[in-house]
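What follows is a short report on a single structure.
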2 protein chains.
Amino acid sequence: MATLGDLERSVMDLLWDGAEAQTANDLRDKLAQAHGNDGKELAVTTVLTVLARLEKKQLVTRERDTRPHRYRAVTSREEHTVELMNEAMGNVMDREAVLARFIGGISPVELASLRRILDDGANA
Amino acid sequence: MATLGDLERSVMDLLWDGAEAQTANDLRDKLAQAHGNDGKELAVTTVLTVLARLEKKQLVTRERDTRPHRYRAVTSREEHTVELMNEAMGNVMDREAVLARFIGGISPVELASLRRILDDGANA
DNA sequence: TCCAGGTTCTACATGGCGTAGAAAATCGGG
DNA sequence: CCCGATTTTCTACGCCATGTAGAACCTGGA
């Protein structure tokens with residue numbers, strides 16, 4: 001459902017990493033300074049368009065009462081990631097097999113985390 | 001990297017569920033019969049185009065020496081799913097938090113599987 | 001040699017995304 | 001209350017992925 005383009009992704013990253021609620025101008029400035037962009041400024045309308053689209057995708061909300069509208073991500077980056085993962089698993093019959101392979105591919109450190117999480121869940 | 005359209009997805013499903021290697025005609029027939037399609041036949045060239053695109057995406061290979069080329073999926077559906085999941089996790093800092101949430105969302109049955117898988121790994 | 005089936009080429013419509021100007025709405029100061 | 005400045009909305013265009021398929025090309029057998 002939620003496939004993000006490059007710019008959309010960048011905006012989401014800023015919303016996830018930055019302050020709780022940010023204006024389009026804030027975001028435009030940060031986009032200009034961000035990594036590969038060598039300071040190229042986008043038009044504010046561009047950012048606003050992207051934000052509108054993200055809102056339509058229900059990834060972003062805005063406060064409409066304050067004058068420069070303030071935008072924020074609806075879910076955390078982690079939550080969103082989990083949604084993507086579940087979406088990926090969606091139409092698979094053998095979920096167990098997927099889990100097995102998935103686990104087989106993660107690092108020992110994460111494996112340890114996983115065990116801990118599972119154990120905590122058992123005790124709770 | 002690998003976003004699939006509806007038809008591409010359907011073709012992959014047939015390759016994953018059906019015989020090891022299938023021809024474009026096989027696939028066209030099966031697509032016609034599949035679920036919602038109410039028997040609407042696609043042109044074979046359509047299927048061939050899709051297969052060519054899937055090949056370019058390295059999701060499909062074909063035997064070029066046999067006359068009706070025979071197509072097959074490069075990876076299993078499970079493997080592909082895992083790749084998608086890892087791709088989703090890719091740019092996340094706090095992978096552990098993602099894992100925690102992910103686990104929090106799966107069914108008790110799958111949780112049990114997960115424990116078993118982890119334990120087996122420990123013993124191996 | 002010629003055909004039928006198979007493959008490749010080329011093409012077009014649709015829709016998402018990056019991008020932004022033009023126009024409309026609104027806010028703060030005079 | 002009016003105006004310029006700021007902000008938001010509308011509209012638009014180019015590009016690329018995808019669904020769709022005809023036209024042209026190729027090849028083995030009759």
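Below, read A as the first sequence line, B as the second, and so on, with proteins coming before strands; counting in each chain starts at 1.
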* To do: Please name all residues satisfying side chain to side chain donor-acceptor pair (under 3.5 Å) with B/Thr23, sequence neighbours left out, ordered by chain then number.
  => B/Asp26

* Expressed in angstrom and rounded to an integer, what is the separation of B/Leu48 atom CG from D/dA21 atom C1'? -> 11 Å

* Starting from the C-alpha separation in whole Å, work towards a yes-or-no answer on side-chain contact (heavy atoms from CB on, under 4.5 Å) for A/Arg64 and A/His69. => CA-CA 5 Å; A/Arg64 280 198 153 82; A/His69 292 181; 4.1 Å; yes

* In chain order, what residues pass the side chain to side chain contact (heavy atoms under 4.5 Å, CB included) check against A/Arg95, with sequence neighbours excluded? -> A/Asn86, A/Met89, B/Glu110

* Asked: A/Tyr71 has an atom OH; how far is it from atom P of D/dT7, in whole Å?
  -> 11 Å

* Asked: So, are A/Arg101 and B/Glu78 salt-bridged, with charged N and O less than 4.0 Å apart?
  -> no

* Calculate the interatomic distance between B/Leu59 atom CG and D/dA17 atom P; express it in whole Å. => 15 Å

* Given atom CZ of B/Arg70 and atom P of C/dG6, what is their separation to the nearest angstrom? -> 11 Å

* Without swapping roles, check the side chain of A/Trp16 against the backbone of A/Thr75 for a donor-acceptor pair under 3.5 Å. => yes

* **Spacing between B/Glu55 atom CD and C/dC9 atom P, to the nearest angstrom** => 12 Å

* To do: Could you check how far CG of B/Leu51 sits from P of C/dG6, rounded to whole Å?
  => 14 Å

* **Under 4.0 angstrom between A/Asn25 side-chain N/O and D/dT7 OP1 or OP2** => yes

* Nucleotide by nucleotide, 5' to 3', does protein get under 4.0 Å of the base (B), only the sugar-phosphate (S), or neither (-) in nucleotides 14-30 of chain C, counting heavy atoms? -> ---BBBBBB---SS---

* Are A/Arg70 and A/Arg62 close enough, and set up right, to give a side-chain contact (heavy atoms from CB on, under 4.5 Å), and what steps lead you there? -> CA-CA 5 Å; A/Arg70 299 181 94 65; A/Arg62 68 174 105 179; over 6 Å; no

* Structure fact -> Here the distance between atom P of C/dT7 and atom CZ of B/Arg28, to the nearest Å, is 12 Å

* Can you check the B/Arg64 CZ to C/dT8 C1' distance for me, whole Å? -> 10 Å

